[in-house]
Each structure stands twice: as structure tokens, then as C-alpha cells.
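The structure presented is a predicted model; accordingly, all values stated were derived computationally and were not measured. In this chain, residues are counted from 1 in sequence order. Remember, it's 1-based here, ligands and their atoms both numbered in the order they're listed.
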Amino acid sequence: MNILVINGPNLNMLGIREPSVYGTSTYAELVSFIEEYSTTNNVNVEIYQSNHEGFIIDKLHEAYYKNVDAIIINPGAYTHYSYAIRDAISSICIPTVEVHLSDIRKRENWRQGSVISDVCVKSFMGEHFKSYQNALDYLTNLERENNAK
Ligand code: DQA
């Protein structure tokens, strides 16, 4: 199974940015965590990070042409207002899981909404790195169920 993980703006600053919210682990540690968990679960993973909305949209379109099986996306602050990323997700018809390190539902009012949730098959939030692990588990189970049909 081929899974693309997309991380949006400021996630490269993990370990430095607001450690009380996002923890002290670095972005490199997040990448290693996802890679190691994917390897043990026989998943081929590509991990992409960008601080630019258009680059994230290009990557979503590329996933369509490369026949990626599933996507995990943490769009950072774009979660709350990027209709362009939302439209890209709904254009490509690839099962996509939304993830967040923090629980956006328990934070500032402006942060509580997600414009991508309803074009995603599932959302995991508030469990730091484990949110990504939950997303990988969800997608590998989904594939197993589809193969059994
Ligand atoms: C985040 C939550 C967003 O509100 C924020 O802008 C981020 C990170 C999270 O993973 O908790 O950049 O997506």
C-alpha cells in the first residue's frame, strides 16, 4: 500500500514552536516515527512538508496521477480556511485522513472548525504523533476490508 503524508505550514518547526501545545519532539522525529511505523506495517510511505498552499495542492494532484492509495494530511492552519485544499482533496477521490497533533476542538474558537473534515474519510486529533499512527492503522484496516470484499 502506498500512502502519502502531507504536512502543512509550520510543522517543520516542531520542537521549537509552542512546545506546551505541540511537544518537544522535532519534525525529524515525527518523520522517523511515521517511517518506522509504516515499515513495520508494510506500508510504502512518502512524507512531504510545505509551507505553501499551492505546493500542497500540486502534491495532492500529483498523488492522483501517481495512483497513491491513500493520503494522510495535517494542513496546519490551512485546515481552518483553505477551500482550495478542500477542493483539491475532493477532486482526486483518494481516501484521505485528516490529522492534528493538538485537539483543535478544545482550542481557540477560530481554530475549532475544519473546512476539510467532511471531504476526509476520518479525522484523528489531540494525540500528538499517535494521531498519525491512528491514521495509518485506519487506512491499512480499510484496505484490508476492501481486499476481503
Ligand atoms: C495543527 C493545528 C492547527 O490549528 C495549527 O495551525 C497547526 C497544527 C495541529 O497539528 O495540531 O499548525 O494542525
Side-chain donor-acceptor pairs under 3.5 Å in residues 4-21, sequence neighbours left out?
{"from": "Asn7", "atom 1": "OD1", "to": "Tyr132", "atom 2": "OH", "distance (Å)": "2.6"}
{"from": "Asn7", "atom 1": "ND2", "to": "Tyr27", "atom 2": "OH", "distance (Å)": "3.1"}
{"from": "Asn12", "atom 1": "OD1", "to": "Gln49", "atom 2": "NE2", "distance (Å)": "3.3"}

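- Looking at Asn41, Val99, Ile72 one by one, the single match for side-chain contact (heavy atoms from CB on, under 4.5 Å) with Leu136 turns out to be Ile72.
- The salt bridge (charged side-chain N to carboxylate O under 4.0 Å, His left out) pairs that include a residue from residues 126-138 are Glu127-Lys130, where partners are two or more places apart or lie in different chains.
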Note every protein N or O atom lying under 3.5 Å from an N or O atom of ligand 1, pairing the names and giving the distance.
{"from": "ligand 1", "atom 1": "4 (O)", "to": "His80", "atom 2": "NE2", "distance (Å)": "2.7"}
{"from": "ligand 1", "atom 1": "4 (O)", "to": "Arg111", "atom 2": "NH1", "distance (Å)": "2.8"}
{"from": "ligand 1", "atom 1": "6 (O)", "to": "Ala77", "atom 2": "N", "distance (Å)": "3.1"}
{"from": "ligand 1", "atom 1": "6 (O)", "to": "Arg111", "atom 2": "NH1", "distance (Å)": "3.2"}
{"from": "ligand 1", "atom 1": "10 (O)", "to": "Asn74", "atom 2": "ND2", "distance (Å)": "2.9"}
{"from": "ligand 1", "atom 1": "10 (O)", "to": "Leu101", "atom 2": "N", "distance (Å)": "2.8"}
{"from": "ligand 1", "atom 1": "11 (O)", "to": "Leu101", "atom 2": "N", "distance (Å)": "3.3"}
{"from": "ligand 1", "atom 1": "11 (O)", "to": "Ser102", "atom 2": "N", "distance (Å)": "2.9"}
{"from": "ligand 1", "atom 1": "11 (O)", "to": "Ser102", "atom 2": "OG", "distance (Å)": "2.6"}
{"from": "ligand 1", "atom 1": "12 (O)", "to": "Arg17", "atom 2": "NH1", "distance (Å)": "3.0"}
{"from": "ligand 1", "atom 1": "12 (O)", "to": "Arg17", "atom 2": "NH2", "distance (Å)": "3.1"}
{"from": "ligand 1", "atom 1": "13 (O)", "to": "Asn74", "atom 2": "OD1", "distance (Å)": "2.8"}
{"from": "ligand 1", "atom 1": "13 (O)", "to": "His100", "atom 2": "ND1", "distance (Å)": "2.8"}

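- Ring geometry, Phe33 versus Phe129: the interplanar angle falls from 30° to 60°, so the pair is classed tilted.
- With respect to the salt-bridge test (charged N to carboxylate O, under 4.0 angstrom), the residues Glu46 and Lys59 qualify.
- In this view, Ala70 and Met1, Ile3, Leu139 satisfy the side-chain contact (heavy atoms from CB on, under 4.5 Å) rule, not counting sequence neighbours.
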